[in-house]
Amino acid sequence: MREVDLRSDTVSLPSPEMRKAMYEAELGDDVYSEDPTLNRLEAMAAHVMGKEAAVLVASGTMGNLISILTHAQRGDEIIVGDKSHIFRNEAGGASALGGVAYNTVRNDEHGMIDPDHIEEAIKPPNVHFTRTAMIAIENTHNMCGGSPLGSDETASIAAVAKRHDIPFHIDGARIFNAAVALETPVAELVKHADSISFCLSKGLACPIGSLVVGNEEFIEGARKWRKMVGGGMRQAGVIAAAGIIALEDMVERLAEDHANARRLANGLSRIPGISIDPEGLPTNLVFFNVDRGDPANIMREMNKLGVKGGSPSRRWRLVTHYGITADDVDYSLEVIASAMRGYE
Ligand SMILES: *Cc1c(COP(=O)(O)O)cnc(C)c1O
C-alpha cells in the first residue's frame, strides 16, 4: 500500500548521498576533538551562521538545554514565548536539570513576541527577584503555524536583550526554513543572537543531530554541559557526515517542501468541513481545523489508506518534507477528502 507520512519532518529519511557519506566518513574520537568529519561540520555550521564556533548535540532539545545551562545559573529565569517548544515540549528540562525558572510572555499568531512585553518581564536586580539570564525566540515558530520571523522582528527583540545585557538565544530548529521562505541568508536572521540551536534531523533530513552555535567562550561552556548531560559522543563523524551533506545540498531544497505545503493548504481549503487560512502558511507546517465529524475517526480512516498524520482533536498539523512529492500531496488530499465525505 502507498504510504505518505505527514506527521512531521522528523520522519524524513537520509538521502542516498548521506548514507554513502556516513559509510565513507573519516572518523576519530570527538571527546578528544579528533573526529575530522565532525570538526569539519562544526566549522561549516559556525561559518554559515556567521559565528565563531559550533558543537554537535544529540537533539534540538539537548541543544536548547545546554544553551540554557550555559547562560543561566540555578535560581535564574529565562524569558520564553508561552507557545515555545522550550516551554511546552522539552519536559521542563531547564527547571529539572538546571534549577532554572521559565518566565513566559505571549506569542502572537505568528510566533512573534512584543518587545515591550519582554521589557516588562525582565527582572531588575533585587534580592527578591530571580535574575533574568536568557531571552529566547523560536524561528520558524512551530506551534504558531511554522511562521518565519524576519530580521527586523528579531532585531527588535535582540535590542531589548542587549539593552539589559541579557544573552539572546534563538531556537532555530527550523531556521533554514525561515531563511529559505524569507529569501534571507541565515546569518542575517541570527546576526544578533548569542546562541542558536538548529536541527539537522528535521527538514534537512539527517537521521540524528542538532548544532549549537555561538562564540568560542560560549561553545566551550556548552561542550562541558554537553559532557555533563551525557552528550559527549565518540566517532560522531558518522552523524556529521550526513550533516555536511545537509548543509551543502538540502537547504535550497526546502523550497520544494514549502511549495508542497502550499499545494496541500490550497487543496485542504477546498474540502468541505476543513477550515484553513492558506495565506498564513509560509513554510512546511500546515495547520488547519477539522470542523465536521469525529476527528479521531477521520484520522483512523485516513491512516488506513496509508496517509499518516492527524490528531483526535480538531486542530491538525500536517508536515511536508524530503521524500514527499507533489503527487503524494495530491494523493493525501484525495484520501482526506474521502475520509471527510461522510460528514458533508
Ligand atoms: C523539534 C523542535 C525542537 C527539538 O528538537 P528534537 O531534536 O526533537 O529534540 C526544538 N525546538 C523546536 C521549535 C522544534 O520544532
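Counting starts at 1 for both ligands and their atoms, following the listed order.
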Short N or O distance, Asp171 and ligand 1, threshold 3.5 Å exclusive: yes

Aromatic plane relationship, His71 with Phe218 - under 30° parallel, 30 to 60° tilted, over 60° perpendicular: parallel

Side-chain heavy-atom pair His321, Ile324 within 4.5 angstrom cut-off: yes

For atom 14 (C) of ligand 1, closest protein heavy-atom neighbour: Lys202 NZ, 2.8 Å

Steps toward side-chain hydrogen bond (donor to acceptor under 3.5 Å, both in side chains) verdict (Thr325, Asp328): CA-CA 5 Å; Thr325 62; Asp328 291 328; 3.1 Å; yes

Per-residue contact class, Thr61 against ligand 1 - non-hydrogen pairs under 4.0 Å: both

Flag side-chain contact, heavy atom, 4.5 Å: Ile276 against Val286: yes

Part of Ser84 within contact of ligand 1 (heavy atoms, under 4.0 Å): neither

Intermediate values then yes/no, side-chain contact (heavy atoms from CB on, under 4.5 Å), Leu65 and Glu90: CA-CA 8 Å; Leu65 175 67; Glu90 298 183 7; 5.8 Å; no

Ligand 1 versus Asn64: contacting region, heavy-atom distance under 4.0 Å: side chain

Per-residue contact class, Ser59 against ligand 1 - non-hydrogen pairs under 4.0 Å: both

Any Val251 side-chain heavy atom under 4.5 Å of Val180 side chain: yes

Ligand-residue contact atoms, ligand 1 with Gly60, heavy atoms, under 4.0 Å: 4 (C), 5 (O), 6 (P), 7 (O), 9 (O)

Whether His141 lies under 4.0 Å from ligand 1, heavy atom: no

Carboxylate-amine/guanidinium proximity below 4.0 Å for Glu188 and Lys191: yes

Minimum non-hydrogen distance to atom 10 (C) of ligand 1, winning option of Arg174, Glu138, Met62, His85: His85

Close-contact set for ligand 1 against Cys199 heavy atoms, below 4.0 Å: 5 (O)

